[in-house]
Amino acid sequence: MDHYDSQQTNDYMQPEEDWDRDLLLDPAWEKQQRKTFTAWCNSHLRKAGTQIENIEEDFRDGLKLMLLLEVISGERLAKPERGKMRVHKISNVNKALDFIASKGVKLVSIGAEEIVDGNVKMTLGMIWTIILRFAIQDISVEETSAKEGLLLWCQRKTAPYKNVNIQNFHISWKDGLGFCALIHRHRPELIDYGKLRKDDPLTNLNTAFDVAEKYLDIPKMLDAEDIVGTARPDEKAIMTYVSSFYHAFSGAQKAETAANRICKVLAVNQENEQLMEDYEKLASDLLEWIRRTIPWLENRAPENTMHAMQQKLEDFRDYRRLHKPPKVQEKCQLEINFNTLQTKLRLSNRPAFMPSEGRMVSDINNAWGCLEQAEKGYEEWLLNEIRRLERLDHLAEKFRQKASIHEAWTDGKEAMLRQKDYETATLSEIKALLKKHEAFESDLAAHQDRVEQIAAIAQELNELDYYDSPSVNARCQKICDQWDNLGALTQKRREALERTEKLLETIDQLYLEYAKRAAPFNNWMEGAMEDLQDTFIVHTIEEIQGLTTAHEQFKATLPDADKERLAILGIHNEVSKIVQTYHVNMAGTNPYTTITPQEINGKWDHVRQLVPRRDQALTEEHARQQHNERLRKQFGAQANVIGPWIQTKMEEIGRISIEMHGTLEDQLSHLRQYEKSIVNYKPKIDQLEGDHQLIQEALIFDNKHTNYTMEHIRVGWEQLLTTIARTINEVENQILTRDAKGISQEQMNEFRASFNHFDRKKTGMMDTDDFRACLISMGYNMGEAEFARIMSIVDPNRLGVVTFQAFIDFMSRETADTDTADQVMASFKILAGDKNYITMDELRRELPPDQAEYCIARMAPYAGPDAVPGALDYMSFSTALYGESDL
């Protein structure tokens with residue numbers, strides 16, 4: 001195969017990538033591919049009663065492409081779209097491409113849009129992909145398929161013919177002899193091959209193409225001149241043409257297939273016989289090795305030394321590492337060969353293989369099982385012997401280690417137990433010595449296990465006849481005797497420590513009782529001094545009365561406290577008496593507390609001095625709180641009148657603004673009278689401010705006599721003034737709107753009635769849903785976009801509410817005859833002489849000077865195709881005036 005052909009080995013796996021490269025290398029191939037692919041497609045389409053003329057045009061709507069796939073596959077595709085629009089065509093082509101992809105074909109860079117647009121390269125690439133899948137890919141010759149299979153078929157069929165050497169699908173076919181040889185091989189009566197000449201390719205090609213079309217039903221896919229006139233014919237066109245010959249002559253291969261089958265059967269039979277011979281030899285050799293090895297493994301003669309036993313173990317390890325693994329492989333291979341042989345015999349319908357007597361796989365497995373059983377017993381015996389020798393050495397070493405550790409631990413323990421350090425110790429020191437002794441006893445008990453282990457090891461060494469048993473026994477006896485002596489000394493020391501502890505505990509109990517009673521009494525006195533000296537802040541009569549009651553309760557506890565003081569001092573005196581009587585060594589003071597009797601007496605005297613001072617402070621604070629209470633009641637009485645008055649006025653103003661009694665001028669007059677009465681109420685507010693100042697100066701922060709604070713009154717007063725002013729302004733604006741728009745009083749009343757009805761929350765404002773319902777009730781039929789536009793007019797700040805003034809402005813705009821952007825635009829067009837733009841001179845000529853300059857300063861330059869220098873855009877200016885665009 002030449003260099004180019006080696007690069008094309010996998011062309012059928014990458015159709016589109018090679019397609020692009022081929023067209024770039026030789027555009028002349030396009031002509032050959034057009035003819036070949038068109039003829040190939042028509043050879044199938046004519047079965048459905050149709051054909052194509054132009055391959056890139058006739059497949060654009062996808063209908064014939066889907067029909068072609070149905071004919072060559074024998075399957076039904078999805079129902080095609082019959083519309084003529086581009087989207088219908090793309091849908092049909094996509095259905096065809098999806099069907100191709102479902103057959104395991106990967107379409108690279110081929111999209112439905114390119115096919116619909118008539119892209120020649122993509123269309124030819126798609127057809128080549130279809131040819132590969134449905135005409136070439138399924139070709140199979142001697143375990144080769146697709147392109148290689150087709151090439152091998154051509155080589156086999158043309159091998160006997162002179163001057164024919166098929167190596168590829170391009171230049172090997174230029175002289176036409178290859179096509180003629182294929183026809184002559186299968187239909188020799190159609191061509192006189194002996195008269196053909198290699199130097200006359202046109203005659204050879206025309207002869208082959210004409211005969212194929214006339215007798216073999218193979219349409220003429222190429223012109224002889226196209227092939228001869230090209231340095232290298234298009235490979236894909238040749239493959240397509242040759243595949244048609246293959247399918248036409250496929251029936252002639254039956255005889256060749258039969259011969260191949262016989263050869264395969266004989267080859268299988270020969271291979272099976274060889275496998276049988278190999279099995280018999282391998283089985284005999286393996287069984288002989290097992291027979292020799294088992295007696296060696298069954299030998300159980302023990303050795304007397306560790307070295308000799310270890311040598312036996314090393315020999316056994318060599319057997320496991322070096323001698324047995326190859327035999328394991330032989331056994332495994334033997335089973336594999338047997339199973340493979342039986343499988344091949346079964347697949348080729350041959351009787352199963354029966355090995356010679358005693359050489360069955362089961363016989364080998366039984367012998368192998370005996371080998372492994374002997375091997376297992378041998379290894380266990382070796383390990384047990386080695387363990388026995390190791391056990392003796394280990395026990396002796398373990399005895400020595402444990403004995404040494406125990407002897408080191410007992411060193412100095414007898415001298416420590418004979419000490420009499422407790423005779424001069426204090427109680428805390430005695431308790432510490434007892435704790436230390438308890439720890440030693442725990443340590444002693446913990447070492448009991450070690451002594452027992454030492455004795456047990458010595459006993460086991462005696463039972464195993466250890467050679468050095470006498471020295472082991474002597475050392476063990478010495479350890480046991482010393483252990484008994486330590487136990488006796490330990491018990492004697494514990495008894496002495498407990499007697500001394502009991503002597504000192506009586507004094508310690510008195511110290512502890514003194515500490516337990518002195519500490520809380522001292523804390524009580526310190527807390528009492530802190531409470532008696534604590535500054536207090538109260539805001540009500542009740543609070544100062546509570547403090548006074550608590551103080552009286554405290555004074556009632558003083559007699560009992562004095563009794564407790566005397567009892568604590570009595571405990572201290574008893575301790576002093578015991579120390580003097582028994583001459584006890586009491587180093588230091590009470591270990592449980594630092595509180596002395598002197599400190600207790602000093603703090604008690606201080607508490608007695610602080611009590612009358614507290615009495616005086618509480619009396620003075622009680623008088624001050626009585627004065628504050630009078631100020632609270634005075635403020636509360638006025639606030640409880642002014643607060644409801646403000647609320648009533650607010651509600652009355654709200655009713656005036658909502659109700660529709662009389663004309664707007666009547667409502668305005670009524671509101672102005674309300675405003676005057678509100679202003680005349682101001683002195684009462686000022687008087688309340690004076691009372692509030694007195695309360696603040698007295699640092700009064702709450703008032704149970706009223707829920708109103710001065711801040712509430714101020715805010716309500718300010719809201720009242722603001723509300724009356726805003727309401728008057730709204731009525732004035734309604735009068736202006738009515739007069740400017742020509743709205744009658746009846747219309748205003750109707751607008752107010754509608755607004756009040758849909759102001760469901762009675763806040764003087766409608767939310768978005770209420771406003772929408774109001775418009776619908778008045779006959780407006782609008783979508784979301786129109787409603788959004790209206791909301792941008794009535795709620796420019798996007799607060800989500802519509803005021804009555806905004807509602808009146810909108811309704812007056814809807815009902816009045818006002819100028820629009822279109823009307824202003826039409827007026828500018830008249831001034832411009834019916835042009836789409838206007839000039840500065842025209843503006844200055846037709847409008848007053850200030851208005852002309854206003855327009856010139858704000859109009860954008862006109863950019864239309866009919867623009868002249870200095871032209872201005874009056875259309876965008878007109879829409880901007882009415883907020884429909886930016887000015």
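Only this structure's heavy atoms are used, side chains among them; waters, hydrogens and symmetry mates stay out.
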Item to complete: Name all pairs fulfilling the salt bridge (charged side-chain N to carboxylate O under 4.0 Å, His left out) condition that reach into residues 796-807, sequence neighbours left out, sorted by first residue then second.
Response: none

Discussion item. Taking Thr706's backbone N and O only, do any of them form a donor-acceptor pair with Asn640's side chain (distance below 3.5 Å, no angle check)?
Written reply: no

Worksheet item: When you check the gap from the basic side-chain N to the acidic O, do Asp686 and Lys682 get nearer than 4.0 Å?
Response: yes

Item to complete: Using the salt bridge (Lys or Arg N to Asp or Glu O under 4.0 Å) rule, pick out the option among Arg76, Lys47, Lys79 that qualifies with Glu70.
Response: Arg76

Worksheet item: When you measure from the side chain of Asp117 to the backbone N and O of Asn119, does any donor-acceptor pair fall under 3.5 Å?
Response: no

Worksheet item: Does the side chain of Lys649 come within less than 4.5 Å of Ile724's, by heavy atoms?
Response: no

Worksheet item: Hey, are the side chains of Met859 and Leu843 touching, using non-hydrogen atoms and a 4.5 Å cut-off?
Response: yes

Discussion item. Just so I know, are the side chains of Asp834 and Lys829 near enough to count as touching, which here means a heavy-atom distance under 4.5 Å?
Written reply: yes

Practice prompt. Salt-bridge test for Asp223 and Lys35: reply yes if a basic N is under 4.0 Å from a carboxylate O, no otherwise.
Written response: yes

Worksheet item: Just by modelled atom types, is the Phe787 backbone N or O under 3.5 Å from a matching donor or acceptor in the Arg772 side chain?
Response: no

Item to complete: Would you list the pairs meeting ring-ring contact (aromatic ring centres under 6.0 Å, His included) in which at least one residue belongs to residues 38-58, sequence neighbours left out?
Response: Trp40-His44

Worksheet item: For the residue pair Leu45 and Lys64, what are the closest heavy atoms and their distance?
Response: CD2-O, 4.0 Å

Fill in: Min side-chain heavy-atom separation Phe59-Leu68 under 4.5 Å
yes

Discussion item. Looking at Glu30 and Arg34, is there a salt bridge between them, counting it only when a charged N and a carboxylate O are closer than 4.0 Å?
Written reply: yes

Fill in: Taking every non-hydrogen atom, the tightest pair across Leu688 and Ala639
CD1-N, 4.0 Å

Worksheet item: Would you call the rings of Trp645 and Tyr681 parallel, tilted or perpendicular, where under 30° means parallel and over 60° means perpendicular?
Response: parallel

Discussion item. So, taking the atom named CD in Gln51 and the one named CG in Asp58, what distance separates them when rounded to the nearest 0.5 Å?
Written reply: 9.0 Å

Fill in: Thr36 and Asp234, any side-chain heavy atoms less than 4.5 Å apart
no

Worksheet item: Of all residues at least two apart in sequence or in a different chain, which pass the side-chain contact (heavy atoms from CB on, under 4.5 Å) check with Val116?
Response: Arg86, Lys89, Ile90, Val93

Worksheet item: Using the ring of each side chain (for Trp, its six-membered ring), is Tyr874 parallel, tilted or perpendicular to Phe828, with breaks at 30° and 60°?
Response: parallel

Discussion item. Less than 4.5 Å apart, side chain to side chain, heavy atoms only: is that true for Lys684 and Val641?
Written reply: no

Worksheet item: Are Lys95 and Ser91 close enough that some pair of their side-chain heavy atoms sits under 4.5 Å apart?
Response: yes

Worksheet item: Under 3.5 Å, side chain of Glu675 to main-chain N/O of Ala725, donor-acceptor pair present?
Response: no

Discussion item. For a quick test of reading the model, state the closest non-hydrogen atom pair linking Met221 to Tyr241 and the distance between them.
Written reply: N-OH, 3.3 Å

Worksheet, complete the sentence: Rounded to the nearest 0.5 Å, the CD1 atom of Ile646 sits from the CD1 atom of Ile685 at a distance of 4.5 Å

